[in-house]
Amino acid sequence: MSILVLTYSNKAANELSERLAANNPTAAAAMWIGTFHAFGLDIVRRFHDKLGLPPDPRLVDRSEAIELLEDELPRLPLRHYRNLWDPALDLSDMLHAISRAKDEVIDAARYRTLAQAMADNAGHDEEAAMRAEKCLEVALLFETYERLMAAGHLIDFGDLVALPVRLVETDAEVRAALKARHQHVLVDEYQDVNRASVRLLRAIVGDGRNLWVVGDARQSIYRFRGASATNMAHFAVDFPGAQVRQLGVNYRSGREVIEVFTAFSGAMKASAGALPLQLTADRGVLNARPEFRVVRSTEDEISAVAAVIQEQQEAGIPYRRQALLCASNARLSDIAEGLEARGIPVLHLGSLFERPEIKDLLALLSMLTDPYAVGLVRAVTMSAHEMPLQEVMQIIGHLRENKAAALDWRQAGAELPSLATESQTALSRVADLFTGLNPMGNPWTILTMWVIDRLGLAKTLHLARDPRSRMKGLALWQFLNFCRRQPSGAGIPSVRLLDRIRRLVLLSEDRGLRQLPGVAEGIDAVRLMTIHGSKGLEFDIVHIPGMVTSGLPRNNMAPRCVPPDGLIHGSQGLTGLEAIKTGHDEEEECLFFVALSRARDRLFLYASSVQADGKVRNPSKFIPAINHLLVHPANPAQRSGAARPATTVGITWEEKPVWTENQVNLFERCPRRFLYTHVLKLGGRRTETAFMKMHNVVSDLFDWLKTVHETTTPSDSELSFRFEEAWQAKGAADHGYAEDYRRIGRRLIDYLIETRSNGVRSPVAPLSLGWAEGDILVKPDSVARGERGQVVVGRVKTGKPRSNAFDDIEYTILHLAAVQAYGGQAQVEVTYLTSETTEPMSISAKKLETRRQKVQNIVQRVRSGDFPLQAEARACPRCPSFFICGELPDGAVTIKKL
DNA sequence: TTATACCCTCTGAAA
DNA sequence: GAGGGTATAA
């Protein structure tokens with residue numbers, strides 16, 4: 001006799017087990033409690049021989065799957081998913097689509113059939129034909145993936161349920177064995193169960209006489225990962241003869257809170273097929289109506305939240321019983337920082353690798369192998385290791401001049417007697433951390449030694465019992481745990497670790513590390529979490545900021561890789577894209593419903609009314625349905641906090657600075673990166689893909705052409721020789737598919753030569769744009785006469801054009817310089833080697849003017865040393881300064897010459 | 001009413 | 001990089 005209890009999450013399973021063990025140990029002993037995936041793994045292990053797998057097949061996560069496929073990508077005949085700059089990005093998108101297919105128990109062969117059907121039905125509809133083509137490309141990758149997984153006897157998360165489904169549906173023996181084992185089956189949160197899980201369930205319970213499920217269609221917030229919208233509505237179809245009962249008593253919330261989410265449920269699409277919400281409030285009326293507080297800016301919003309949290313804490317509701325819920329992690333991090341600055345303790349890890357105490361360690365770790373010890377810029381901001389910026393620059397400059405080797409920096413003090421005594425001490429203290437270490441050391445051992453022993457962080461943080469220190473302690477614990485479990489492989493261990501961290505952040509695969517360990521429960525701090533994360537939990541007070549347009553509901557972001565038509569169960573008559581889009585609005589409503597219903601006693605909603613550029617921001621469109629139930633304080637209280645740290649650097653320029661248009665372009669993307677790269681000249685190691693290396697070779701060769709063959713054309717043999725030389729030095733010569741890259745690179749060069757052979761070339765003079773605070777020097781790649789006699793200034797790019805490429809500020813600069821030098825008729829032209837096209841630059845007068853002002857503004861800001869941080873999820877993990885970015889050492893610097 | 005410019009934002013479980 | 005919102009110009 002056994003009862004099978006299936007849940008959607010591990011957390012829920014553990015909680016259930018614990019409670020049951022405490023209340024009814026006998027019943028608990030008769031139960032198998034776990035997730036669908038755990039159950040699936042159990043089946044896979046038990047019947048591994050029937051599946052053709054070893055007894056304990058290895059499970060790979062997405063980042064390992066990407067590594068598995070990365071080398072294959074250039075070989076596959078793909079047209080749409082061919083971002084070779086960063087193959088991991090396209091692979092990640094396609095793997096999402098593949099795991100979505102597995103949620104529907106669809107294999108590569110079936111995927112291809114669906115995609116082929118799309119192609120066959122496209123007819124003369126070009127857009128439909130393109131959608132089909134993309135799906136066919138995913139099918140191809142899917143087939144490759146299946147082949148590689150089978151060859152290595154590997155399985156992924158999707159397989160954990162999909163493989164058992166196929167087995168159970170086709171094998172009567174397996175079915176009978178499972179049926180005999182589980183007389184009763186209970187399923188929690190049925191609305192979040194995906195199609196594969198329903199099929200597994202159906203095969204085991206048959207008509208469902210012994211099946212009992214609980215779910216709420218209004219809390220269906222995991223549709224994007226395969227929870228089928230139709231599961232709840234189709235329950236009676238999937239299990240004929242089902243009886244449906246409604247829960248009528250709410251034991252959690254006061255009546256005022258229940259009234260709000262009941263009112264909202266009336267406006268929800270998910271209510272259409274569900275029973276109307278009719279709940280009695282077990283706790284009755286609490287005399288605390290939910291509030292909606294509207295303030296001016298988003299900063300004010302944080303101040304308003306802080307004020308309410310503090311007020312409630314003083315009224316007797318401890319921080320730990322209050323929660324702040326947000327739709328997105330990015331916004332959550334912002335708010336966490338803001339609340340901490342206002343003296344409110346928060347329980348929030350955020351992105352582990354963006355935390356200052358972790359970045360400190362990563363910067364230190366980079367100094368194990370980086371000969372120029374760029375990590376010093378961050379290391380000397382740690383307490384007891386401080387050194388002024390100017391002296392750090394002196395050390396790094398010295399190492400660079402002397403072509404230092406790894407760890408040479410430890411002796412730099414002796415070589416630089418002019419260094420202040422305090423700096424000598426600071427440097428030797430940093431060097432002490434590296435005593436006895438060598439670059440091939442195990443990063444985990446090294447980091448642990450720093451944290452526990454040499455930096456003494458573990459002790460300091462343990463003794464300080466304030467919430468902030470405890471959060472730091474937890475972050476370090478989490479980080480060290482992560483470092484301990486690293487996949488094995490060749491190369492320098494610390495470099496591999498740092499590269500892996502960049503990749504995890506880039507692909508947002510570091511999410512698992514945001515989870516707080518159980519020991520955090522006891523910390524008295526406000527719980528900050530995403531609404532998804534709050535599922536199944538409850539809090540005395542719930543704060544929901546960001547109730548503005550496109551805050552919640554968020555804008556519909558279709559995945560970059562859309563499933564083929566007919567893949568999603570219950571979406572007949574819709575295209576794959578439509579099936580996903582219709583789900584979005586509904587899911588956002590559910591998200592709000594979940595957030596509202598987390599509150600026991602009180603609910604506070606917040607919004608800002610003005611955005612950064614001064615434009616009005618309207619309240620969320622979810623508000624009208626509940627507005628009549630909300631209190632609207634006239635002038636909500638605000639609790640202000642410490643100002644954000646200044647981001648200006650005192651710089652003395654010995655000469656008037658001169659920049660290039662590319663450098664200005666970089667400032668626009670990230671001022672801080674500009675500071676590190678072009679002012680402090682830190683350089684730093686970049687991880688380059690084979691494709692990037694190929695482009696570097698092309699750029700190298702182009703530079704050579706411009707200097708040696710400015711007005712001539714090289715012979716074929718000379719060109720081939722130079723190419724070969726550059727390829728050996730800088731190309732991806734040792735890559736598995738080096739030949740493919742070499743061929744592409746060579747084609748780009750050949751095209752470049754073709755374009756150069758049109759017309760006679762003359763030497764190109766640099767053009768200059770000047771301001772009081774600095775100049776911009778522009779060196780065009782070519783200058784020629786156009787058909788109408790106007791001057792055409794040319795620029796060559798190795799890539800292909802983007803739709804809005806001319807919005808980039810570098811083209812404005814090029815245009816302004818060309819017009820200044822050659823008059824109003826001058827024209828800028830850009831040649832793209834990859835697409836083999838040349839496009840005249842065009843920009844509206846209005847855009848040109850705003851960008852001209854922007855350029856001027858940038859030159860002024862650089863001069864005055866204004867380099868704010870500008871965290872950007874996609875750019876930062878690729879930035880050479882990723883691990884050092886943040887707080888700067890004190891003091892001013894003098895820039896002699898750029 | 002329509003086109004354009006610019007700003008803001010981008011979730012995540014499963015062994 | 002793209003979708004969606006707000007404001008402004010046409």
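For clarity, every value in this text was computed on a predicted model and none was experimentally measured. Naming convention: chains lettered A, B, ... in sequence-line order (proteins, then strands); numbering from 1 in each chain.
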Quick check on DNA chain B: between G533(A) and D61(A), whose nearest nucleotide comes earlier from the 5' end?
G533(A)
Calculate the interatomic distance between D192(A) atom CG and dA14(B) atom P; express it in whole Å.
11 Å
Between CD of E64(A) and C1' of dA14(B) the distance, given in whole Å, is 14 Å
Atom pair NE2 (H182(A)) and CE (M31(A)), whose distance is rounded to the nearest 0.5 Å:
13.0 Å
For atom NE2 of H584(A) and atom P of dA2(C), their distance in whole Å
18 Å
Between dG12(B), dA5(B), dA14(B), which nucleotide has the shortest distance from any of its atoms to the side chain of S844(A)?
dA5(B)
Think T35(A) has a side-chain N or O under 4.0 angstrom from the OP1 or OP2 of dA13(B)?
no
Heavy atoms under 4.0 Å, any strand shown: does R58(A) hit a base, just sugar-phosphate, or nothing?
nothing
Tell me every residue that passes salt bridge (charged side-chain N to carboxylate O under 4.0 Å, His left out) with K846(A), counting only those two or more places apart in sequence or in another chain.
none
Across all chains, not counting sequence neighbours, the side chain to side chain donor-acceptor pair (under 3.5 Å) partners of S297(A) are D300(A)
Is T850(A) close enough to dC6(B) that one of its side-chain N or O atoms is under 4.0 Å from OP1 or OP2 there?
yes
Sorted by chain and number, sequence neighbours left out, side chain to side chain donor-acceptor pair (under 3.5 Å) with E67(A) holds for none
Check the distance between dT11(B)'s C1' and I544(A)'s CD1 and give it to me in whole angstrom.
16 Å
Atom pair distance, as rounded to whole Å: CG in D585(A) and C1' in dG4(C)
12 Å
Return the set of residues passing side chain to side chain donor-acceptor pair (under 3.5 Å) with R296(A) (not counting sequence neighbours), or none when no residue passes.
none
Using a 4.0 Å heavy-atom cut-off, does L41(A) contact any base of the nucleic acid, only the sugar-phosphate backbone, or nothing at all?
sugar-phosphate
Do the side chains of S351(A) and R514(A) get nearer than 4.5 Å, heavy atoms only?
yes
R554(A) side chain, from C-beta outward: closest of dT11(B), dG12(B), dA15(B):
dT11(B)
Between dA13(B) atom C1' and L513(A) atom CG, what is the distance in whole Å?
14 Å
Which nucleotides of nucleotides 5-10 of chain C have their base under 4.0 Å from a protein heavy atom (B), which only their sugar-phosphate (S), and which neither (-), written as one string 5' to 3'?
SSS---
Nearest-angstrom distance, C1' atom, dT11(B) to dG3(C)
16 Å
Starting from P on dC7(B), measure out to CD on Q870(A) and report it in whole angstrom.
12 Å
Nearest whole Å is fine: how far is dG4(C) P from E588(A) CD?
12 Å
Pairs meeting criterion salt bridge (Lys or Arg N to Asp or Glu O under 4.0 Å) with involvement of residues 544-555 of chain A, two or more places apart:
R554(A)-E588(A)
